[in-house]
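Scope of the values below: all heavy atoms of this structure, side chains included, with no hydrogens, waters or symmetry mates.
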Amino acid sequence: MLYSGTISNETEVVTAIIVGISLLMALVIITLLTVFVKRKNKLVSEQERAKATFEKELAETEVEIREATLRNISWELHDNIGQLLALAKIQAQTVKEHPERIDEVVEIIGTSLNELRALSKLINPEAIKSLTLGQAIQLEVDRFNRMNFINASLVEKGETLTIGPKVEIILFRILQEFFSNTIKHSKAETLTIIVDYNNGLHISAKDNGIGFSKDIEASGIGLSNMQNRAKLIGASLKIDSVLEQGTCLEMSIPTHKIKTHE
Amino acid sequence: MDVGSIIHIEQYIVLLLYLIVAVLSIIKYPKLKASLLRFFPLLALFNLLVEGGGYLLNFVTENNTLLYNLYNIPYFIFVFALFREASGSIQIKKVMRIFQVVLIISFFIACTQMDVERVNHYPVVVLGNVLSIISILLYYIEILQTDRVIYIKYDTLFWISLGFLLFFIGSTPIEIVRNIFASKASAYLSLGALQYTLIIIMNICFIVGLLVMKPKLSRQ
């Protein structure tokens, strides 16, 4: 609004109004500043706590993966390469009587060497870090099939997405825990894993084992741990089990969360 | 320096600031167009035209009351629409719609009771101010519940809401008291000078918001 005219003395009321408005404005600004800063500080400290929890959980996950890898190597050395070399030794002992068996011995030793090379790749931390989630799961699938633990298969759908390394570690550990439960408890014959990169990342793993009841679920076979870890990376995780029919894990993570925590 | 001189200087500053806000919002339009503030350049241009037009009318006819009485309606409707869009709550959106309807009804009632060409419809302005303050406080309560508060200083809508809030809180008592002291030129002018100061503060908030904006935050 526009004003015109001349001015004489200020009235007391107008002065009071001006002072009142100035004080009111100062009060509003101070109140807003206090409320927003207080809320911001609270949120920042909550975020820092969540970050620390995430880092702690990540470190634990990495240790668990390392332990699982060492356990797997031990099994491979004992049950696979150890068996092959024992067989080669027995064959070699009979070579004097049956010289034609030398080719078989050479073949067995060659297979053992190949298995050892594959194993040494798994132990190399740099090689493990460079694997994509699909490749890491494929290695597990190959191991299950090689060791005759279960008949496992992996299907990948859509264009492979780049997943943040920390998210990848947590996802892999959740799956590793599910696979471990399947092999130890489910008595399943098949394990089918589907990794779908369309509209975010959707992973399903299904076995045809004996399943479990909700009571067992409550007592926990690492399920709550899996749920907590999924929550940390913003993924949704659902495990459905039907007695005598099998167990199915469904895990989804939206696209915008896939690259976070890098 | 007397209050009349101060008002003249403030008038030019206000016009200049309206111009800066309009130009800045047009320059920033590529970033604003995907956000809730896509119509803000229109409001800025509208404010500039009305303020410039009001100045000219006052100069030529010494009466710009009709222009400002008519200006109040689209202005407040825009404010309510802005905070309706900014809210994620269905209830708050409904409240904002009710505010819009209440304001339009109050304008028509005022038209039947007061001369629209000569008398300032201050009850409509006071009602619009109070409802706008409620809208802004509801918006603040909502953003305080989210983590947007962490990046609030880069949120253009926050700065715009702050400008509106300070202006509405300050100008509400002025609108009431100015009409009581309407016959006293000194009181009228002193309050007018204060109202110009509030407009200057509001526009400074708009300018800061447009300068510090981060498109991703304004898009939410």
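- Side-chain polar atoms of A:Asp207 and A:Thr182 form a donor-acceptor pair below 3.5 angstrom.
- For A:Arg143 and A:Glu140, the salt-bridge test passes: some basic side-chain N is under 4.0 Å from an acidic carboxylate O.
- Taking the charged nitrogens against the carboxylate oxygens, A:Arg173 and A:Glu62 have no contact shorter than 4.0 Å, which rules out a salt bridge.
- Aromatic rings of B:Phe46 and B:Tyr71 (six-membered ring for Trp) have centroids within the 6.0 Å cut-off, being under it.
- No hydrogens or angles considered: nothing links the side chains of B:Tyr55 and B:Gln11 as a donor-acceptor pair under 3.5 Å.
- With a 4.5 angstrom heavy-atom cutoff, B:Leu198 touches chain A only via side-chain atoms.
- B:Pro123 places a side-chain heavy atom less than 4.5 Å from the side chain of B:Met114.
- Contact residues of residues 35-42 of chain A toward chain B are A:Val35, A:Phe36, A:Arg39, A:Lys40 (heavy-atom distance under 4.5 Å).
- Defined by atom type and a distance below 3.5 Å, a donor-acceptor pair is present between the side-chain atoms of B:Asn63 and B:Thr65.
- Between B:Tyr12 and B:Tyr196, a ring centre-to-centre spacing not shorter than 6.0 Å is recorded.
- Note on A:Asp240 versus A:Lys238: salt bridge recorded, some NZ/NE/NH1/NH2 to OD/OE distance being below 4.0 Å.
- Between A:Leu154 and the options A:Ile137, A:Leu139, A:Ile194, a side chain to side chain contact (heavy atoms under 4.5 Å, CB included) holds for only A:Ile137.
- Only the side chain of B:Leu194 comes within contact range of chain A, with heavy atoms under 4.5 Å apart.
- For residues 139-147 of chain B, a heavy-atom distance under 4.5 Å to chain A picks out B:Tyr140, B:Ile143, B:Leu144, B:Gln145, B:Thr146, B:Asp147, given by residue number.
- Between the side chains of B:Thr197 and B:Glu10, at least one donor-acceptor pair of N or O atoms lies under 3.5 Å.
- Interface remark: A:Gln47 contributes side-chain atoms only to the contact with chain B (heavy atom separation under 4.5 Å).
- Using modelled atom types and a 3.5 Å distance limit, the side chains of A:Gln138 and A:Asp142 yield a donor-acceptor pair.
- Using a 4.5 Å cut-off between heavy atoms, B:Phe158 contacts chain A through its side chain alone, with no backbone atom that close.
- Interface remark: B:Leu165 contributes side-chain atoms only to the contact with chain A (heavy atom separation under 4.5 Å).
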